[in-house]
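In this chain, residues are counted from 1 in sequence order.
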Amino acid sequence: MSDDALAILAAKLDRLIAVLERAAPPAAVPVDLDAADAFVWHADPVGLEPVAKVNRVEMALLKGIDRVRDQLVDNTDRFARGLPANNALLWGARGMGKSSLVKAAHAEVDAALARAGSASRLKLVEIHREDIETLPALLTLARGSEHRFLVFCDDLSFDAGDTSYKSLKAVLEGGVEGRPENVLFYATSNRRHLLPRDMIENERATAINPGEAIEEKVSLSDRFGLWLGFHKCSQDEYLAMVTGYADHLGLSVEPDALRADALEWATTRGARSGRVAWQFVQDLAGRLGTSAAS
């Protein structure tokens, strides 16, 4: 073979190797799992980033969600103790504490493990919606660890043409390896079925067999054994949230004035929720010259 032919072949091999390297998932960056109680999963480069301080709200400040709070804490506690537990989908109204409850439940259960002197701990791992397809790599890293992992995806939903939900379905229930016994998946979403209603209805309207056409998409939600619904709060619940936040920050405000200001704030926002209550109290604390750091 001539030198020119060898050079051409070598160039083609180099291009093929480059293509294969891009197609192959990168190796996960080693991480010290004892470095933190919470991590963020990154797809590029693949690895866990320790979170020094988790942005969370204390459990006692979460008002108006007592039933779902108790259910999620109980489910998390059973998982942490090695007992059967379900993947959980927290769905419903915006600003009602879905993600706050996940983080608060993790903190409460992990603190209980620490007090009990347990060698294994409950690690909270946040995975971003756009990194869902790399979830199998995260599970590979977690598999075999002495720790237990609560994998959390905030604001999870899928749009038309997005097929990454199939990866999530396989991981949650249907894969060959299955979900490791030391991993549980929690997700929050404004949609109960994780897909827009018009997408599901369009599938039903245009399909030869409407039921089968939407079954695969709707069945993603079925992979979550625990569904927790969050609904818009009443005026009394909203005011209880405001009062709780104000007391937590030590704000000295006359009750009637606090009520009137809080209701006016909610009216201007056109909504009542835990998030709106916290935003009001932040504004109030600023006007009073008090730090609103939680």
Trainee: Under a plain distance cut-off of 3.5 Å, with no hydrogens placed, do Arg275 and Gln279 share a side-chain donor-acceptor pair?
Mentor: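 The answer is no; no qualifying pair exists.
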
Trainee: Salt bridge check, Arg69 against Asp66: does any charged N sit closer than 4.0 Å to a carboxylate O?
Mentor: yes

Trainee: Any idea how Phe224 and Phe185 line up, ring-wise: parallel (<30°), tilted (30 to 60°), or perpendicular (>60°)?
Mentor: tilted

Trainee: Roughly how far, to the nearest 0.5 Å, is CG of Leu139 from CG of Asn182?
Mentor: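 So the CG of Asn182 and the CG of Leu139 are separated by 9.0 Å.
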
Trainee: What distance separates Phe280 CZ from Met241 CE, expressed to the nearest 0.5 Å?
Mentor: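 Answer for the CZ-CE pair, Phe280 versus Met241, is 14.5 Å.
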
Trainee: Give the minimum heavy-atom separation between Val57 and Leu61, together with the two atoms involved.
Mentor: CG1-CB, 3.7 Å

Trainee: Please find the pair of heavy atoms, one from Ala277 and one from Val242, that lie closest to each other, and give the distance.
Mentor: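 It is CB-CG2, 3.7 Å.
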
Trainee: What's the shortest heavy-atom distance between Gly97 and Ile65, and which atoms?
Mentor: O-CD1, 4.5 Å

Trainee: About how many Å separate OG of Ser120 and CZ of Phe149, when rounded to the nearest 0.5 Å?
Mentor: 10.5 Å

Trainee: Specify the closest pair of heavy atoms between Cys153 and Ile132, including all atoms of both residues, with the distance to one decimal.
Mentor: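 That would be SG-CD1, 4.2 Å.
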
Trainee: Could you pull out the closest heavy-atom pair between Arg121 and Asp37, with the gap in Å?
Mentor: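 For Arg121 and Asp37, the tightest heavy-atom pair comes out as NH2-OD1, 4.1 Å.
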
Trainee: Is there a path of hydrophobic side-chain contacts, each under 4.5 Å between heavy atoms of I, L, V, M, F, W or Y residues, that connects Val281 with Leu288?
Mentor: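 Looking at the clustering, Leu288 is in the same group as Val281.
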
Trainee: To check you understand the geometry: which heavy-atom pair defines the closest contact between Ala93 and Asn190, and what is its length?
Mentor: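 Distance-wise, the nearest heavy atoms are C-OD1, 4.5 Å.
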
Trainee: Enter the distance from Ile127:CD1 to Glu133:CD here, rounded to the nearest 0.5 Å.
Mentor: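 That separation rounds to 10.5 Å.
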
Trainee: Hey, could you give me the OG1/CG distance between Thr188 and Leu156, rounded to the nearest 0.5 Å?
Mentor: 7.5 Å

Trainee: Say you draw a straight line from CE of Met59 to NZ of Lys103; how long is it, rounded to the nearest 0.5 Å?
Mentor: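 Answer for the CE-NZ pair, Met59 versus Lys103, is 12.5 Å.
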
Trainee: Would you mind reporting whether Leu184 and Asn87 have side-chain heavy atoms less than 4.5 Å apart?
Mentor: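 Result yes, sub-4.5 Å side-chain heavy-atom pair found.
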
Trainee: Does Arg148 come within less than 4.0 Å of Glu181, counting only side-chain N to carboxylate O?
Mentor: yes

